[in-house]
Amino acid sequence: MSEIIEISFVCLGNICRSPLAQGVFQDLVKREQLDDQIIVSSAGTSAWHVDDLPDQRMRQTAQSKGIQLRSRARQFQRKDFRQFDLVLAMDESNLANLEEIAPTTLPKHKLMLFRSFDPESDGNLDVPDPYYGGARGFEEVYQVVERTCPPLLDYIKANLMDSP
Ligand code: 4NP
């Protein structure tokens, strides 16, 4: 247990799914007045979009729900595993890429699939990659992220934070 919890959402490009998860989760954490205890960030497994703002389509979808996305893309590094208490992969391929660079000593519970917290996952644990699709894909990503963030926060409160 530590006083400050650091979590990171990780997708492929760090311009669609993980920045949205960062923005939505940050908003939830703020509303619950936990923003001095939980630090939220995101990254990509690739370096393709480093320093880019989130994709315009993702920003627009988020904005329509009252969430501003302002992160800049960065690539997840092996050393980052030391910093984070919990790393959440947005799909199975992101998880596989992270597992490849993870130290062998990494405790299993520090690297998880984001949708393992989705109450409606129906066994599909991938947040679908919206990058090459149409507007509906971005809305779908939003719906998955919105319903998955509250159970994720419950997990963090119960398992990673000191009780009040
Ligand atoms: P993300 O989506 O992993 O959710 O940020 C993608 C962004 C960019 C690309 C693929 C997926 N790309 O091929 O550049």
Side-chain angles (χ1 to χ4, degrees), residues 5-30 38-103 106 109-153 155-156:
I5 304 300
E6 285 199 55
I7 76 164
S8 183
F9 298 97
V10 181
C11 60
L12 176 58
N14 193 208
I15 54 168
C16 298
R17 294 164 293 174
S18 62
L20 182 75
Q22 176 183 356
V24 170
F25 196 72
Q26 180 70 64
D27 180 67
L28 176 63
V29 161
K30 194 153 200 261
I38 303 178
I39 298 175
V40 188
S41 63
S42 66
T45 56
S46 76
W48 300 338
H49 293 278
V50 165
D51 284 337
D52 289 356
L53 278 170
D55 186 284
Q56 170 69 21
R57 298 164 294 174
M58 195 78 265
R59 274 189 284 151
Q60 229 157 38
T61 301
Q63 169 108 43
S64 74
K65 319 287 183 185
I67 308 265
Q68 317 292 328
L69 303 183
R70 299 194 186 86
S71 59
R72 292 279 178 174
R74 58 178 293 276
Q75 185 178 26
F76 194 89
Q77 311 287 324
R78 176 184 162 89
K79 68 175 164 51
D80 295 339
F81 281 111
R82 279 203 300 270
Q83 177 184 342
F84 294 109
D85 301 287
L86 183 57
V87 176
L88 293 147
M90 302 307 285
D91 72 21
E92 301 264 12
S93 76
N94 309 144
L95 179 67
N97 289 334
L98 288 164
E99 281 170 346
E100 247 169 58
I101 61 164
L106 187 77
H109 62 267
K110 285 202 172 193
L111 176 56
M112 299 173 89
L113 273 168
F114 175 70
R115 279 193 83 180
S116 60
F117 297 96
D118 180 357
E120 296 176 31
S121 76
D122 286 337
N124 174 10
L125 297 183
D126 287 346
V127 179
D129 182 348
Y131 189 68
Y132 291 108
R136 206 178 322 146
F138 289 85
E139 176 65 26
E140 188 187 354
V141 170
Y142 179 82
Q143 296 301 330
V144 171
V145 166
E146 190 201 27
R147 68 174 182 251
T148 302
C149 281
L152 170 61
L153 182 55
Y155 168 86
I156 291 170

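Remember, it's 1-based here, ligands and their atoms both numbered in the order they're listed. For the numbers below, each heavy atom of this structure counts, side chains included, while hydrogens, waters and symmetry mates do not.
Where the criterion is an N or O separation shorter than 3.5 Å, residue side chain and backbone included, Leu12 meets it with respect to ligand 1. On a distance-only criterion, Ser18 and ligand 1 share no N/O pair closer than 3.5 Å. Checking only distances, Trp48 never comes within under 3.5 Å of ligand 1, N or O to N or O. An N or O contact shorter than 3.5 Å links Gly13 to ligand 1 by distance.
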- Task: Could you walk me through whether Gln56 and Arg59 pass side chain to side chain donor-acceptor pair (under 3.5 Å), step by step?
- Result: CA-CA 5 Å; Gln56 170 69 21; Arg59 274 189 284 151; 3.3 Å; yes
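Enclosure of atom NZ in Lys110 by more than 12 non-hydrogen atoms of other residues, nucleotides or ligands within 6.0 angstrom is indicated.
Close approach to His49 involves these atoms of ligand 1, each under 4.0 Å from a residue heavy atom: 8 (C), 12 (N), 14 (O). Near Cys16, the atoms of ligand 1 lying under 4.0 angstrom from a non-hydrogen atom of the residue are 1 (P), 2 (O), 4 (O), 5 (O). If you number the atoms of ligand 1 from 1 as listed, the ones under 4.0 Å from a heavy atom of Arg17 come out as 1 (P), 3 (O), 4 (O). Of all the atoms in ligand 1, the ones that sit under 4.0 Å from a non-hydrogen atom of Ile15 are 5 (O), 7 (C), 8 (C). Remark: ligand 1 atoms within the under-4.0 Å shell around heavy atoms of Tyr132 are 12 (N), 13 (O).
One option in Asp91, Asp129, Val141 has a heavy atom closer to atom 2 (O) of ligand 1 than any other, and that option is Asp129.
Between Ile15 and Met58 there is no side-chain heavy-atom pair separated by less than 4.5 Å. With contacts defined as side-chain heavy-atom distances shorter than 4.5 Å, the pair Leu153/Ile38 qualifies.
No side-chain donor-acceptor contact under 3.5 Å links Asn94 and Asn97.
Looking only at heavy atoms of the protein, atom 1 (P) of ligand 1 is closest to Cys11 SG, 3.5 Å. Among all protein heavy atoms, the one lying closest to atom 12 (N) of ligand 1 is Tyr131 CE2, 3.5 Å.
With salt bridges taken as basic N to acidic carboxylate O contacts below 4.0 Å, one links Lys65 and Glu139.
Taking CZ of Arg82 as the reference point, atom CD of Glu6 lies at 13.0 Å (rounded to 0.5 Å).
Gln63 places no side-chain N or O within donor-acceptor distance of the main-chain N or O of Gln68, the cut-off being under 3.5 Å.
In Met90, neither the side chain nor the backbone holds a heavy atom less than 4.0 Å from any atom of ligand 1.
In terms of the ring pair (Phe, Tyr, Trp, His ring centres under 6.0 Å) criterion, residue partners of Phe9 (sequence neighbours excluded) are, by chain and number, Phe25, Phe114.
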